[in-house]
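Reviewing the structure listed below.
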Amino acid sequence: MKILTALFGPTDAIQRTQALREAGASGVFTFEGPHDVFAPLTLAATVPGLDLMTNVAIALPRNPIQLAHQANDMQLLAQGRFVLGLGTQVRAQVEKRYGAAFDRPVARMKEMVGALRAVFHTWSTGERLDFRGEYYRHTLMTPTFNPGPNPYGPPPIYLGALGPRLTRATAEVADGLLVMPFGSKRFLHEVTMPAVRDGLAAAGRRAEDFAVVPEIIVSVDDDDHASARRLLSFYGSTPAYRPVLDAHGWGELQPELNALSKQGRWQEMATLIDDDVLHTIAACGSPAQIAAHIRDRVDGVSDRICLYQPEPIAVESLARIVDALGS
């Protein structure tokens with residue numbers, strides 16, 4: 001099984017990437033948090049042999065041309081080992097933090113992928129750029145701004161999705177799906193994968209041509225798993241993630257968490273994540289227990305996963321998880 005794990009910023013990205021490779025990681029990813037999502041990967045690209053991924057870059061506040069240049073350069077630096085992972089984020093974050101439009105996010109994401117592919121096609125072939133969509137319009141690419149064909153080909157585009165509409169759309173247009181880390185075995189098999197199959201069928205695509213990459217929150221050798229509880233309470237407070245809780249009969253937890261978040265009572269939120277919620281959504285315990293949780297959740301779905309941590313995982317712990325998954 002291929003295991004990708006997180007980089008948390010640019011400060012020690014090269015040393016951290018080297019250590020994670022030695023521990024058995026197959027790749028590293030970055031997320032849109034307190035640091036830029038691309039900067040650490042430009043450093044990690046100097047470490048050979050690992051896959052690199054944005055997981056995820058928030059798409060809607062960005063422009064397809066801007067993203068295409070960033071992704072093309074990352075593909076060059078990584079020598080073909082880069083995946084452009086994109087996500088919508090949620091309405092409040094996009095509108096209030098980024099100051100960008102969020103209306104019709106599924107349609108916007110589908111068009112974003114189409115625009116990116118049109119730009120990559122122009123760079124690869126020299127054909128005129130002529131993309132005219134509802135949200136994006138790109139009809140000019142002069143030689144000054146054209147990097148030409150990428151020797152490693154255009155980077156694959158994966159989308160992060162949770163709800164069935166975006167999951168289906170992802171299977172229709174993208175190269176892969178990043179299954180959001182706030183999830184469970186039941187939600188993956190009963191909601192996510194049926195939507196994937198519907199999207200592939202609608203687009204006439206084959207399952208073997210589409211990657212499904214589950215992301216799983218892990219918490220290693222921590223008696224209380226306090227950091228994981230805080231992370232789950234943050235995710236669970238967001239209305240977009242309520243369907244995961246609903247699948248287990250815990251839907252009323254979401255408005256409780258949401259109310260506390262609006263009052264700034266972040267520590268109190270974590271106390272509402274009981275052991276059933278914790279161990280259903282996150283893989284917690286010893287490396288062997290975490291490996292067993294991962295195998296059980298993704299069996300028959302994927303041989304590649306992203307380990308999502310509330311804080312940087314100890315290199316020794318990652319090595320033990322890798323060993324346990326390989327045994």
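Between Met109 and Leu159, the shortest heavy-atom distance links the atoms CE-CD2, 3.4 Å. When all heavy atoms of Ala324 and Ala291 are compared, the closest pair comes out as CB-CB, 3.5 Å. Nearest heavy-atom pair, Met1 versus Ser302, reported as atom, atom and distance to 0.1 Å: CE-O, 4.3 Å. Trp123 and Phe145 make their closest contact through NE1-O, 4.2 Å (heavy atoms, listed as atom of the first residue, atom of the second, distance).
A single hydrophobic cluster is not seen to contain both Val179 and Tyr241; linkage of ILVMFWY side chains at heavy-atom distances under 4.5 Å, directly or through other members, places them apart. In the hydrophobic clustering of this structure, Val212 does not group with Ile3; members are Ile, Leu, Val, Met, Phe, Trp, Tyr whose side-chain heavy atoms approach within less than 4.5 Å, directly or through other members. Hydrophobic clustering of Ile, Leu, Val, Met, Phe, Trp and Tyr side chains at less than 4.5 Å, counting indirect connections, keeps Val191 apart from Val301. Hydrophobic clustering (ILVMFWY, side-chain heavy atoms < 4.5 Å, transitive): Leu307 and Ile290 are in one cluster. Each of Val196 and Leu178 belongs to its own hydrophobic cluster when Ile, Leu, Val, Met, Phe, Trp and Tyr are linked at side-chain heavy-atom distances under 4.5 angstrom.
Annotation: side chain of Asp274 is not in contact with side chain of Trp250 (no heavy-atom distance under 4.5 Å). No side-chain heavy atom of His69 sits under 4.5 Å from any side-chain heavy atom of Asn72. The side-chain heavy atoms of Phe102 and Gln89, taken from C-beta on, include no pair separated by under 4.5 Å. The side-chain heavy atoms of Asp103 and Arg108, taken from C-beta on, include a pair separated by under 4.5 Å. Thr122 places none of its side-chain heavy atoms less than 4.5 Å from the side chain of Phe131. Contact check for Gln70 versus Arg62: side-chain heavy atoms found under the 4.5 Å cut-off. Counting heavy atoms from C-beta on, the side chains of Leu67 and Leu86 come closer than 4.5 Å. When side chains are defined from C-beta on, Glu252 counts as touching Arg242, because their heavy atoms get closer than 4.5 Å.
Residues forming a side chain to side chain contact (heavy atoms under 4.5 Å, CB included) with Ala201 (at least two apart in sequence, or on another chain): none. With sequence neighbours excluded, the residues forming a side chain to side chain contact (heavy atoms under 4.5 Å, CB included) with Ala288 are Ser286, listed by chain and number.
Heavy-atom neighbours of Phe234 CZ from other residues, nucleotides or ligands within 6.0 Å: at or below the threshold of 12. Within a 6.0 Å radius of CG in Asp296, other residues, nucleotides and ligands contribute more than 12 heavy atoms. Within 6.0 Å of atom CZ in Arg165, 12 or fewer heavy atoms from other residues, nucleotides or ligands are found, so the atom counts as exposed in its surroundings.
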Exercise for the section: Assess whether side-chain hydrogen bond (donor to acceptor under 3.5 Å, both in side chains) is satisfied between His248 and Ser184, documenting all intermediate values. Expected result: CA-CA 9 Å; His248 296 272; Ser184 68; 2.8 Å; yes
Exercise for the section: For salt bridge (Lys or Arg N to Asp or Glu O under 4.0 Å), just list the numbers for Lys185 and Asp299, CA-CA rounded to whole Å, side-chain angles, deciding distance to a tenth of an Å, and then say yes or no. Expected result: CA-CA 9 Å; Lys185 176 183 177 180; Asp299 183 45; over 6 Å; no
Exercise for the section: Determine, stepwise, if the pair His138 / Asn63 fulfils side-chain contact (heavy atoms from CB on, under 4.5 Å). Expected result: CA-CA 10 Å; His138 304 287; Asn63 179 278; 3.6 Å; yes
Exercise for the section: Applying side-chain contact (heavy atoms from CB on, under 4.5 Å), run through Val28 and Val47 and close with a yes or a no. Expected result: CA-CA 11 Å; Val28 294; Val47 180; over 6 Å; no
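Interatomic distance, CH2 of Trp266 versus CZ of Arg230, reported as 12.5 Å (0.5 Å rounding). Taking NE2 from His121 and CD from Glu127, the interatomic distance works out to 3.5 Å, rounded to the nearest 0.5 Å. Rounding to the nearest 0.5 Å gives a distance of 10.0 Å between CZ of Phe82 and CG of Leu77. Note: Arg81 CZ to Tyr152 OH = 9.0 Å, rounded to the nearest 0.5 Å. A distance of 6.5 Å separates CG in Leu7 from CG in Leu20, rounded to the nearest 0.5 Å. With rounding to the nearest 0.5 Å, the separation of CG in Leu278 from CZ in Arg229 is 4.5 Å.
A side-chain donor-acceptor contact under 3.5 Å links Arg186 to the backbone of Ala247. Checked by atom type and distance alone, the side chain of Glu172 never pairs as donor or acceptor with a backbone atom of Ala202 at under 3.5 Å.
Between His225 and His279, the two ring planes are perpendicular [angle over 60°; tilted spans 30° to 60°]. Tyr308 and Phe31 have tilted rings, their planes meeting at an angle from 30° to 60° on a 0 to 90° scale.
Considering Ile273, Leu245, Ile281, Ile217 in turn, Ile217 is the only one that fulfils the side-chain contact (heavy atoms from CB on, under 4.5 Å) rule with Tyr235.
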